[in-house]
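Accompanying notes for the structure given below.
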Amino acid sequence: MTYGGIWEEDKNKGYWEVALQHPGTFNFTVSFKNSIPSATRLFMRIGNIQRSVEVKPGERKFDLAGINVSKGKYRIEAWANIGEDYYLPMAIQVKHVTVH
């Protein structure tokens, strides 16, 4: 099963509220409207689980795979920051890959 959300601003802070119907392993694809201008890290948090990936200049789509999450309601946040500027994705796709 795949879920998705869209956020149109790229420099405001925001989040998605989601309800996962089944526990399991999930893959997340985080997409930005514009490419990230400098090298940094992308951070994603779902509940109290946080992961990060390296960002190279010019990239705008990132995969965070194999994250185990229990059934429940969560807030998903993702961001990349360069100095004091925070960049937020326009979309996060959530794909349920295995059920536990």
Side-chain angles (χ1 to χ4, degrees):
M1 178 157 300
T2 301
Y3 306 92
I6 295 181
W7 184 264
E8 286 294 327
E9 300 293 325
D10 62 355
K11 287 192 179 181
N12 291 321
K13 292 187 177 180
Y15 58 86
W16 287 266
E17 297 283 344
V18 298
L20 301 178
Q21 301 299 313
H22 304 282
T25 302
F26 294 81
N27 293 342
F28 297 83
T29 300
V30 179
S31 301
F32 288 80
K33 183 177 181 180
N34 299 304
S35 61
I36 304 298
S38 300
T40 188
R41 290 196 75 74
L42 165 75
F43 296 90
M44 190 199 74
R45 182 178 322 149
I46 178 166
N48 63 355
I49 301 166
Q50 184 168 307
R51 299 288 187 272
S52 69
V53 295
E54 180 181 350
V55 173
K56 295 177 184 166
E59 292 183 320
R60 59 178 294 272
K61 192 172 186 179
F62 309 91
D63 293 314
L64 296 105
I67 300 174
N68 294 316
V69 185
S70 299
K71 174 183 174 179
K73 293 182 180 180
Y74 294 94
R75 176 178 287 186
I76 299 178
E77 302 171 273
W79 68 94
N81 64 299
I82 300 169
E84 294 186 18
D85 286 334
Y86 282 84
Y87 294 83
L88 296 183
M90 74 168 193
I92 299 177
Q93 182 182 34
V94 182
K95 185 173 183 180
H96 197 188
V97 292
T98 60
V99 177
H100 294 169

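The heavy-atom pair separating Leu64 from Ser52 by the smallest distance is CD2-N, 4.2 Å. Minimum heavy-atom separation, Lys61 to Ser31: CG-OG, 3.6 Å. Closest approach of Pro57 and Ala39 over heavy atoms only: CG-N, 3.6 Å. Of all heavy-atom pairs spanning Lys56 and Glu59, the tightest one is N-OE1, 2.9 Å. The nearest pair of heavy atoms linking Gly58 to Ser35 is O-CB, 3.1 Å. For Leu42 against Ala78, the heavy-atom pair with the smallest separation is CD1-CB, 4.5 Å.
To the nearest 0.5 Å, the span separating NZ on Lys73 from CG on Leu20 amounts to 11.5 Å.
Annotation: side chain of Arg45 is not in contact with side chain of Phe43 (no heavy-atom distance under 4.5 Å). The shortest distance between side-chain heavy atoms of His22 and Lys71 does not fall below 4.5 Å. The closest side-chain heavy-atom distance from Val94 to Ile76 is below 4.5 Å. Phe28 places a side-chain heavy atom less than 4.5 Å from the side chain of Ile46. Phe62 has its side chain out of reach of Pro89: every pair of non-hydrogen atoms, C-beta onward, lies at least 4.5 Å apart. Residues Arg60 and Met90 meet the side-chain proximity criterion, which asks for heavy atoms closer than 4.5 Å. Annotation: side chain of Tyr74 is not in contact with side chain of Ile49 (no heavy-atom distance under 4.5 Å).
Residues Ile67 and Val99 are members of separate hydrophobic clusters, defined by side-chain heavy-atom contacts under 4.5 angstrom among Ile, Leu, Val, Met, Phe, Trp and Tyr.
For the pair Arg51 (side chain) and Met44 (backbone), a donor-acceptor distance under 3.5 Å is absent. Proximity of a side-chain donor or acceptor of Thr40 to a complementary backbone N or O of Val55 within less than 3.5 Å is not detected.
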